Undergrad: 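I have a structure I would like to understand better, so I am pasting it below and will then ask my questions one at a time.
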Protein chains: 2
Amino acid sequence: MSITSDILRGHTEAIILSHLLEQDSYGYQINKDIMKKTDNTYELKEATLYSAFRRLEQAGYIRTYWGDETVGARRRYYAITEEGIKAYQGYKKEWQEAKDMIDKLLR
Amino acid sequence: MSITSDILRGHTEAIILSHLLEQDSYGYQINKDIMKKTDNTYELKEATLYSAFRRLEQAGYIRTYWGDETVGARRRYYAITEEGIKAYQGYKKEWQEAKDMIDKLLR
DNA sequence: TAATATACCTCGTCTGTCAAGGTATATTTA
DNA sequence: TAAATATACCTTGACAGACGAGGTATATTA
């Protein structure tokens, strides 16, 4: 990974929410999708992912349920809540602002 | 401040180097300039600033000297080094990449 | 003369990240 | 068929950057 984690820090929750906006998903899949979306340049570490899930659920931004797999390993699915949608919009706005600001400061 | 510090995290050093690229400066002034540049939306906290100076000097990206003020409080000036210039270019490239990546992940 | 501005600094806490470890099932390969 | 790999979950403890709160000293302004 070429991008240091300090630069990505703080975006994990927004990235997850963005993903759940498309569809319910589970940890392993989300991780895979993020890798794919970034052409394998960014991999959310599992420990990071699960601690983010913990915070998001705590905040009421996601809810969780077990999948009904009859074969294969069980899957814990995550779904975004109404509050999560609002939070995501906030995160996104914050990102736009931060982006402009950093662009202004780095020249 | 509306931007959370986790989003800015990791950019402190690049922001400082960018500033020193224009001219030598000292802590208090750098802080003021950053506030001004961002229309007072972002203030680098002093503790953050000084710990970044520490790291930058350690890394050989800046060097420091005392100003020869005859009046007023003494000033410790910072100057960017050749290595610092290279490091800055690296930081900047990293930022461009990270920006694209986050934009890709938040939609 | 009190308050504010300029200018420096340190200590200890907080929080997100992640390396390293673990469990269990299913599939592929040697 | 045994071993390796992939899928899928999870926890613990350490690390590092940000920063609140505190400190010192000088100069200016109200």
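Residue numbering restarts at 1 for every chain, and letters A, B, ... go by the order of the sequence lines. Hydrogens, waters and symmetry mates play no part in the numbers below; they use all other heavy atoms, side chains included. Predicted model only: the values in this text are computed from it and were never measured.
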Undergrad: Tell me whether the side-chain N/O atoms of A:Thr12 come closer than 4.0 Å to OP1 or OP2 in C:dG16.
TA: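 No, because none of the side-chain N or O atoms of A:Thr12 sits under 4.0 Å from OP1 or OP2 of C:dG16.
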
Undergrad: For the pair made of NZ in B:Lys36 and C1' in C:dT6, what is the distance, rounded to whole Å?
TA: 16 Å

Undergrad: D:dA8, OP1 or OP2 - any side-chain N/O from A:Tyr26 closer than 4.0 Å?
TA: yes

Undergrad: What is the distance, rounded to the nearest whole Å, between atom CD1 of B:Ile15 and atom C1' of D:dA18?
TA: 12 Å

Undergrad: Taking A:Asn31 for its side chain and A:Leu49 for its backbone only, find out whether a donor-acceptor pair lies under 3.5 Å.
TA: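 No, the answer is negative, given that no donor and acceptor are paired below the 3.5 Å cut-off.
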
Undergrad: Strictly below 4.0 Å, N to O, side chains only: are A:Glu43 and A:Lys37 in salt-bridge contact?
TA: no

Undergrad: Heavy atoms from C-beta onward define the side chain here; which of D:dT12, C:dC9, D:dG17 lies closest to that of B:Glu46?
TA: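 For the B:Glu46 side chain, the nearest candidate turns out to be C:dC9.
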
Undergrad: Side chain of A:Arg9, heavy atoms from C-beta onward: which of C:dT15, C:dA7, D:dA18 has the nearest atom to it?
TA: C:dT15

Undergrad: Under the 3.5 angstrom rule, does the side chain of A:Tyr78 hit a backbone N or O of A:Ile16 as a donor-acceptor pair?
TA: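 Judged by distance alone, no pair lies under 3.5 Å.
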
Undergrad: May I ask you to verify if any side-chain N or O of B:Tyr50 is less than 4.0 angstrom from the OP1 or OP2 atom of C:dC8?
TA: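 It does, given that an N or O in the side chain of B:Tyr50 lies less than 4.0 Å from OP1 or OP2 of C:dC8.
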
Undergrad: Using the side-chain heavy atoms of A:Tyr28, tell me which of these nucleotides is nearest: C:dA7, D:dG17, D:dT7.
TA: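 For the A:Tyr28 side chain, the nearest candidate turns out to be D:dT7.
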
Undergrad: Among the nucleotides D:dC19, C:dA19, D:dC9, which one has an atom lying closest to any side-chain atom of B:Ser5?
TA: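 So the nucleotide nearest the side chain must be D:dC19.
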
Undergrad: Going by atom types only, do A:Arg63 and A:Thr81 share a side-chain donor-acceptor pair under 3.5 Å?
TA: no

Undergrad: Between atom CZ in B:Arg54 and atom P in D:dA18, what is the gap in whole Å?
TA: 13 Å

Undergrad: Both B:Gly27 and A:Gly72 contact DNA chain C. Which one's nearest nucleotide lies toward the 5' end?
TA: B:Gly27

Undergrad: So, does the side chain of B:Arg75 form a donor-acceptor pair with the base of C:dT6 at under 3.5 Å?
TA: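 There is none.
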
Undergrad: Answer with yes or no whether the side chains of B:Gln29 and B:Asp33 bring together a donor and an acceptor at under 3.5 Å.
TA: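 The answer is yes; a qualifying pair exists.
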
Undergrad: Go through C:dA19, C:dC9, C:dT17 for me and flag the one nearest to the B:Arg76 side chain.
TA: C:dC9

Undergrad: Between C:dC18, C:dC9, C:dA5, which nucleotide has the shortest distance from any of its atoms to the side chain of A:Thr48?
TA: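 Of all the options, the side chain of A:Thr48 is nearest to C:dC18.
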
Undergrad: Is B:Ser51 touching bases, backbone alone, or none of the nucleic acid, heavy atoms closer than 4.0 Å?
TA: nothing

Undergrad: Calculate the interatomic distance between A:Asp6 atom CG and D:dC19 atom P; express it in whole Å.
TA: 12 Å

Undergrad: Measuring from the side chain of A:Tyr78 (C-beta onward, heavy atoms only), which nucleotide among C:dC8, D:dC10, C:dT6 has the closest atom?
TA: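 Per side-chain heavy atoms of A:Tyr78, the pick is D:dC10.
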
Undergrad: To the nearest Å, give me how far apart NZ (B:Lys32) and C1' (C:dT4) are.
TA: 11 Å

Undergrad: On DNA chain C, check which nucleotide each of B:Phe53 and A:Thr70 is closest to and give me the residue with the more 5' one.
TA: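 On the 5' side of the pair lies B:Phe53.
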
Undergrad: Taking atom C1' of C:dA5 as reference, at what distance in whole Å does atom CG of B:Asn31 sit?
TA: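 After rounding, the gap between these two atoms is 14 Å.
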
Undergrad: Please assess A:Tyr77 against A:Arg75 for the test side-chain hydrogen bond (donor to acceptor under 3.5 Å, both in side chains), listing each intermediate value before the final yes or no.
TA: CA-CA 6 Å; A:Tyr77 281 85; A:Arg75 297 171 178 172; 3.3 Å; yes

Undergrad: Between C:dA19 atom P and A:Leu44 atom CG, what is the distance in whole Å?
TA: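 A:Leu44 atom CG is separated from C:dA19 atom P by 12 Å.
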
Undergrad: Can you check the B:Leu49 CG to C:dA7 P distance for me, whole Å?
TA: 13 Å

